[in-house]
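For reference, positions follow the sequence shown, starting with 1. Worth saying up front: this structure is predicted, and the values here are computed from it rather than measured. In each ligand, atom 1 is the first atom listed, and ligand 1 is the first ligand listed.
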Amino acid sequence: MDKLVIEGGRPLDGSIAVSGAKNAALPILCASLLTEEPLALTHVPHLNDVRTMRTLLSQMGVRIEESGGGHMTLEAARIEWPLAPYELVKTMRASILALGPLLARCREARVSLPGGCAIGLRPVDQHVKGLQAMGAEIDLDHGFIAARTTRLKGVRFVFDVVTVTGTENLLMAATLAEGTTILENAAREPEVVDLAECLVAMGARIAGAGTDRIVVEGVDRLRGASHRIMPDRIETGTFLAAVAAAGGEATLTDARPSSLESVIDKLAEAGATISTTKDTIRISRKGALAPTSLRTAPYPAFPTDMQAQFMALATRAGGTSVITETIFENRMMHVQELKRLGADIEVEGSTAIVRGVPRLTGANVMATDLRASACLVIAGLVADGETTIDRIYHLDRGYERLEEKLATLGATIRRVR
Ligand code: EPZ
């Protein structure tokens with residue numbers, strides 16, 4: 001199993017380009033199921049989760065061509081099997097994103113119910129409830145969500161909780177429904193907006209994406225289109241946090257600063273100097289690191305997917321940071337590993353009290369989920385001596401060539417098999 005070995009204590013310096021967004025690419029790949037015509041995508045990131053989604057769609061009958069440099073064309077002329085098997089869904093819960101498009105296009109779908117997850121319970125009741133409200137008959141059959149409909153009908157649906165993939169699933173389903181769908185208390189994440197832009201390019205009628213009230217006029221069919229996947233705001237935030245933690249100066253190009261304002265604000269609070277243009281972010285951190293307290297919440301508030309990385313930052317700050325996780329019940333698995341590096345952290349319920357320490361010392365640590373692994377990479381860049389991170393398959397799910405990009409910024413980091 002691959003590991004990462006990091007020699008810490010060096011500032012970061014240089015320039016890197018941001019990759020396409022995992023959490024925009026996954027729903028947009030599923031949107032290809034909504035039309036028999038080709039969907040031509042660019043800036044698709046090379047990630048294990050994208051590979052899994054590709055396998056999922058191919059086994060349904062979608063023809064997929066990749067021509068390097070992030071170019072991917074998907075054509076769902078015929079969907080042989082509207083099925084998402086357990087073997088694939090268990091490796092990637094985002095497979096649930098096939099449910100809405102399959103039901104809308106094929107009028108039936110069989111999707112393995114996602115099981116437990118390291119970071120929380122993560123039920124999909126809102127996805128099911130919304131599709132049932134649109135007229136689908138849904139049963140749980142031998143661990144599968146078995147759904148069918150004569151045709152989905154537009155409705156007004158109010159989400160009980162703000163859910164990103166729940167919003168995306170119903171948004172895709174509503175594009176081919178009969179009549180108007182109004183989604184209330186919808187997620188406002190930039191990835192939802194990127195999906196909506198792609199659907200509109202395919203001929204969908206959508207208003208209000210990016211707000212908590214989305215209105216969709218259903219149409220009879222969608223056409224092919226071209227779309228460029230937005231830059232990954234979490235990858236962007238991860239690199240910014242790495243530079244803020246290790247010190248130094250760096251530029252991120254092909255970025256979208258407007259999609260991570262809450263993160264940029266917190267980095268400035270921590271003592272980093274940041275300047276932006278429309279698609280670049282320049283960061284430097286020379287002086288002392290200040291403590292930064294935060295509370296995760298749905299967009300535009302501080303993203304849960306950046307919580308762990310900021311905890312790594314807080315371990316070396318000159319004071320105490322209070323970090324509260326409100327989205328997932330079990331997203332503090334990185335705490336124990338950080339303590340192995342000498343961090344001083346106390347957890348009470350969903351709040352971590354992080355007292356900054358003068359130094360971290362390198363050690364063997366283990367990744368437990370995607371963002372926890374990014375946190376350990378940042379801590380390793382700061383710690384004295386060598387840190388070895390095990391189980392980095394978590395990292396490969398969501399970061400494209402992370403160690404190469406960090407090495408470009410001057411980090412001493414290598415992958416060992
Ligand atoms: C998306 O997951 C992202 N994944 C996650 O990123 C991200 O952490 C999360 O949104 C929150 O921002 C993708 O986009 C593929 P939710 P999702 O449904 O949609 C509860 C990463 O690191 N809920 O918005 O699965 C749920 O339990 C990943 O890249 C219900 O109760 O998250 C959670 O507490 C990790 N019922 C809250 O809502 C439902 O039907 C928000 O979850 C759905 C969700």
Once you restrict to heavy atoms under 4.0 Å, what part of [X] touches ligand 1? Side chain, backbone, both or neither.
{"X": "K22", "value": "side chain"}
{"X": "R331", "value": "side chain"}
{"X": "T304", "value": "side chain"}
{"X": "F328", "value": "side chain"}

For atom 23 (N) of ligand 1, find the nearest protein heavy atom and state the residue, atom name and distance (0.1 Å precision).
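Ranked first by proximity to atom 23 (N) of ligand 1 is V161 CG2, 3.8 Å.
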Shortest protein heavy-atom distance from atom 18 (O) of ligand 1, along with the residue and atom involved:
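Checked against all protein heavy atoms, atom 18 (O) of ligand 1 sits closest to T163 OG1, 2.7 Å.
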Below 4.0 angstrom, N of the basic side chain to O of the carboxylate: do D305 and R331 qualify?
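So D305 pairs with R331 through a salt bridge.
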Any salt bridge between D49 and R93, counting N to O under 4.0 Å?
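Salt bridge flag = no for R93 with D49.
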With heavy atoms of Q126 as the reference, note each atom of ligand 1 found under 4.0 Å away.
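Under 4.0 Å from Q126, ligand 1 has these atoms: 36 (N), 39 (C), 40 (O).
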Consider ligand 1: state whether an atom of it lies below 4.0 angstrom from any non-hydrogen atom of L121.
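The answer is no, since L121 has no heavy atom less than 4.0 Å from ligand 1.
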Close approach, D49 and ligand 1, non-hydrogen under 4.0 angstrom
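No.
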Hey, looking at atom 3 (C) of ligand 1, which of N23, I327, V164 has the closest heavy atom?
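Ranked by closest heavy atom to atom 3 (C) of ligand 1, first place is N23.
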